[in-house]
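As C-alpha cells, the structure follows; a few thoughts come after it.
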Amino acid sequence: MIADLTRAERLWAMLILGALGLIGLAMAIGGRNDLLGIHGWIVLAAGLGGFIAVMRGLDAPEPSAERLNEYYDAPTRVGLILTLLWAVVGMGVGFWVAALLAWPDMTFDVPWLSFGRLRPVHTSGVIFGFGGNALIATSFHVLQRTTRARLPDQISPWFVLLGYNLFCIIAASGYLMGLTQSKEYAEPEWYADIWLVVVWVVYFAIYMRTLARRKEPHIYVANWYYMAFILVVAILHIVNNLAVPISLGSAKSYSLFSGVQDAMTQWWYGHNAVAFFLTAGFLGMMYYYLPKRAGRPIFSYRMSIISFWGITFMYMWAGSHHLHYTALPHWVQTLGMAFSVVLLVPSWASAGNALLTLNGAWHKVRDDAVLRFMALAAIFYGITTFEGSFMAIRAVNSLSHYTDWTIGHVHAGALGWVAMITFGSLYSIVPSMFRRERIYSQKLVEVHFWLALSGTVIYVFAMWNSGVIQGLMWRTYTESGGLTYSFIDSLVAMHPYYIARAFGGLLFLLGALTALYNVVMTIRMPAPAADDAALDIPAKPALQAGE
Amino acid sequence: MPFDHDTVVGFSKSFGLFYLVALSVIALVWTYWPSNKKGFDEAAKRPVLEEEDRPWRG
Ligand code: HEM
Ligand code: HEM
C-alpha cells in the first residue's frame, strides 16, 4: 500500500493523517465530557496509526514508472476484503437482531445489546459497510477498464476507501453508545456527516479526473450509474443532514427541519438512498459484470440509457410513498404514488435487459454459479420493484405499512438483489484481482449460491406471511366495531415467522462466511508461475466444471 | 408574485410537469438519434472485448 505511493504522495499522506490525528485530538479534548470524546480518541488513533505506518515506509524505494502500464487495483483488492468483512459483521448483527425479535430476553439488560442500538448497526453495517465497500471497490475496477485509463493518482483512492471505512466505524460504534440523530439510514451525527462529505467529494473527483483522461469516446453506461450514485448520494446526504450541533464539544445536534417538512426531507432522502445507493450503483455493477461474465454484449444498449434516465427522473419524486396517510398534503402522497407506479417501467427495462442478455446463454447460467448469482439478482430486482410499485399504491400501503411486509420487501431487494449481484461480481473478479488462475473452490461457490438462495426465500416468505397476517389482524373488527385482536395477539402470531426468518438469515450469513473463506483461500493459493501471463486473464471467466 | 404556499404549489404542479416532459423528450431523442447508434454499439461491446488488461498509453 505505502510502497505504491510516490515520495510526494507519502508526504501528502502524512500531512493528511497528521491533520486527521489533530482533529481527533481536538474532538477528544473538546468533547471530553461527552461521547464525542470517545470518537475523538478513535479518530486520533486512526490518524496517528496511519501517520506512523507511512513514516516507517517513507524511505522505501519509490514505485517504478512501470506501474503506469497497469491499472491501479490495490484499493480494489483491499475493498473486496473489507466488503466481505462488513458482510459478516453486518449480517451477523442482522441475525442477532432477528433472534432478538423472536427471543427478546437476549438483551441481558446490557444497554448496548438492546434492539434499538443493534438494529442500526445492522442496517448501516450491511448497506454502508458491505454495500458501500463493494460499490467503491468495483467502481474503481469498472471505471479503469471501461475508460482504459489508470486512476489519476495513488493516494486519493486510499483516502476514499479508508476514509469511508472510518466513517462506517464511527457510525457503528456511535450507535452502540447510543449516539443517533434518529433519521433512518442517516443516523450518524454531524461530525461524521461532515467527514463523509469530504470523502465523497474526493470520490467524485476521482471519477471525473479518470474520465477526463479516458481513451474511449463514449462513456460506458455502467459509469453513468456509478456517477449518479456518487452525485445523488452527496446531494441527499448534505440536505438531509443539515443540522446545528448544540456546541462544538457535543455530539448532539438539531435538524434544520421540523414537523412534516422533516418527515418529507427524511423520506426524500430515504427513498433515494434506496434508489441511488441500493439500486443505481448496483445496476452499474450489473451492466458491466453480467455481460462480461456471460460473454455477450448487453441486449439493448439504448434500453439501458432510457432506463437510466427513467430511474433518475422518477425516483426523485417517489419518496412520499413512505408517508401515506400522514400529515403530508394529500396531493404530495398521490404524486409519490403515481411516480412509484410509473417507476416500474424503467426498473423492468433494466431487469429485462439483463435477462434478455442471458437469453441464449442459459447453459452458462446452469453451469456457472457466479453467473447464476447475477441472473438471480436480476430476477429479484424485477420482483422487488414490482412489489415496491404495488406497495406504493395508497390502498395497498394501508395494509402493508408498519408490518413485516415492508421488511420482506426490503430483504427481497437487499438479499436477493443487492447481495446477490455483489457476490456474483465479487467472485468474477477475485481471481484476476489477486492474480490467481481460478477461485479456490468452485464447489464452495456453488454451496454459497444455494445457501443464499434458500436463505433469501425462507426470509422473504416468512416476512410476507407474517406481514399480511399482521396487517389483517390490525384491521379486523368485531360486530360492535371494536378491534378483534389486541396488539399482543398479533405479536404472538408473529413468533413462528420470526424464528423462520432468523433461520433464513442464518443460512444467508453462512453463505457470506463461505465466501470469506473461499476468497481467503484463493489469496493463499500459490501464484501461477509466470506472473506476467496472469495479468491478462480477466477477459475469460475462471475455468468452469463441465465447460 | 407572493412566495406563499399556494404559489409554490402552483409552480411545482405546472412547471414540474413541463420540465419532466421536456427532459424525457431530450433523453429519448438523443437515444434514438440515428448517428448515435454506432457509438452505442461499440460501447456495448466494451465489457466483452478480449484485450489486454492494461491502460491505454499513447
Ligand atoms: C443475514 C442476513 C440478514 C438478516 C438476518 C437480517 C435481519 C434483519 C432484521 C431482524 C431487521 C429488523 C426488522 C424489524 O425491525 O422488524 C432488519 C432490517 C433491515 N435490514 Fe436486514 N437482515 C439481513 C441482511 C440484510 C442485508 C444484506 C441488507 C442490505 C443490503 C439488509 C438491510 C436491512 C434494512 C434496510 C433494514 C431496515 C428495514 C426497515 O426499516 O424497513 N439486511 N434486517
Ligand atoms: C420501483 C421500485 C420500488 C418502489 C416503488 C418501492 C416502494 C416502496 C414502498 C412503497 C415501501 C414501503 C413504504 C412504507 O410503507 O413505509 C418501500 C420500502 C422500502 N424499500 Fe422499496 N421500492 C422499490 C424498490 C426497492 C429496491 C430495489 C430496494 C432495494 C433494496 C428497496 C428497499 C426498500 C427499503 C430499504 C424500504 C424500507 C424503508 C423503511 O421503512 O425503512 N426498494 N419501498
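Each chain gets a letter, A, B and so on, in the order the sequences are listed, and its residues count up from 1.
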Listed once per pair and sorted, the side chain to side chain donor-acceptor pair (under 3.5 Å) pairs that draw on residues 8-17 of chain B, sequence neighbours left out: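 Output for this query is empty, none listed.
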Top contributor to chain B contacts, counting heavy-atom pairs under 4.5 Å, from A:Arg302, A:Arg296, A:His218: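 Result: the option with the highest number of such pairs is A:Arg302.
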Find the one option among A:Tyr288, A:Phe308, A:Trp309, A:Tyr287 whose heavy-atom pairs under 4.5 Å with chain B are most numerous.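 Most pairs with chain B among the choices: A:Tyr288.
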Which atoms of [X] approach chain B - backbone, side chain, both or neither, heavy atom under 4.5 Å:
X: A:Ile305; answer: side chain
X: A:Glu216; answer: side chain
X: A:Phe339; answer: side chain
X: A:Leu335; answer: neither

Looking only at atom types and distance, does a side-chain atom of A:Tyr71 sit under 3.5 Å from a main-chain N or O of B:Arg54, one as donor and one as acceptor?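 Here the side-chain-to-backbone pair exists.
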Atom [atom1] of [X] and atom [atom2] of [Y]: how far apart are they, to the nearest 0.5 Å?
X: A:Ile306; Y: B:Tyr32; atom1: CD1; atom2: OH; value: 4.0 Å
X: B:Phe40; Y: A:Met303; atom1: CZ; atom2: CE; value: 14.5 Å
X: A:Phe313; Y: B:Ser24; atom1: CZ; atom2: OG; value: 5.5 Å

Between A:Trp331 and B:Val9, is any pair of side-chain heavy atoms under 4.5 Å apart?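 Result yes, sub-4.5 Å side-chain heavy-atom pair found.
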Which atoms form the tightest heavy-atom contact between A:Pro297 and B:Ala44, and what is the distance?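 Smallest heavy-atom distance, with atoms named: CB-O, 3.5 Å.
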Can you give me the closest heavy-atom contact between A:Pro291 and B:Val48, atom names plus distance?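 Scanning both residues completely, I find the closest heavy atoms to be O-CG1, 3.3 Å.
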Go through the steps to decide whether A:Trp317 and B:Leu20 satisfy the test side chain to side chain contact (heavy atoms under 4.5 Å, CB included), and finish with yes or no. CA-CA 11 Å; A:Trp317 301 94; B:Leu20 272 177; 3.9 Å; yes
Only one of A:Arg148, A:Lys292, A:Arg145 passes side-chain contact (heavy atoms from CB on, under 4.5 Å) with B:Arg46; say which it is.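 That would be A:Arg148; it is the only one of A:Arg148, A:Lys292, A:Arg145 passing the side-chain contact (heavy atoms from CB on, under 4.5 Å) with B:Arg46.
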For chain B, which residues of residues 219-228 of chain A have heavy atoms nearer than 4.5 angstrom: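 Heavy-atom contacts from residues 219-228 of chain A to chain B are A:Tyr220, A:Trp224.
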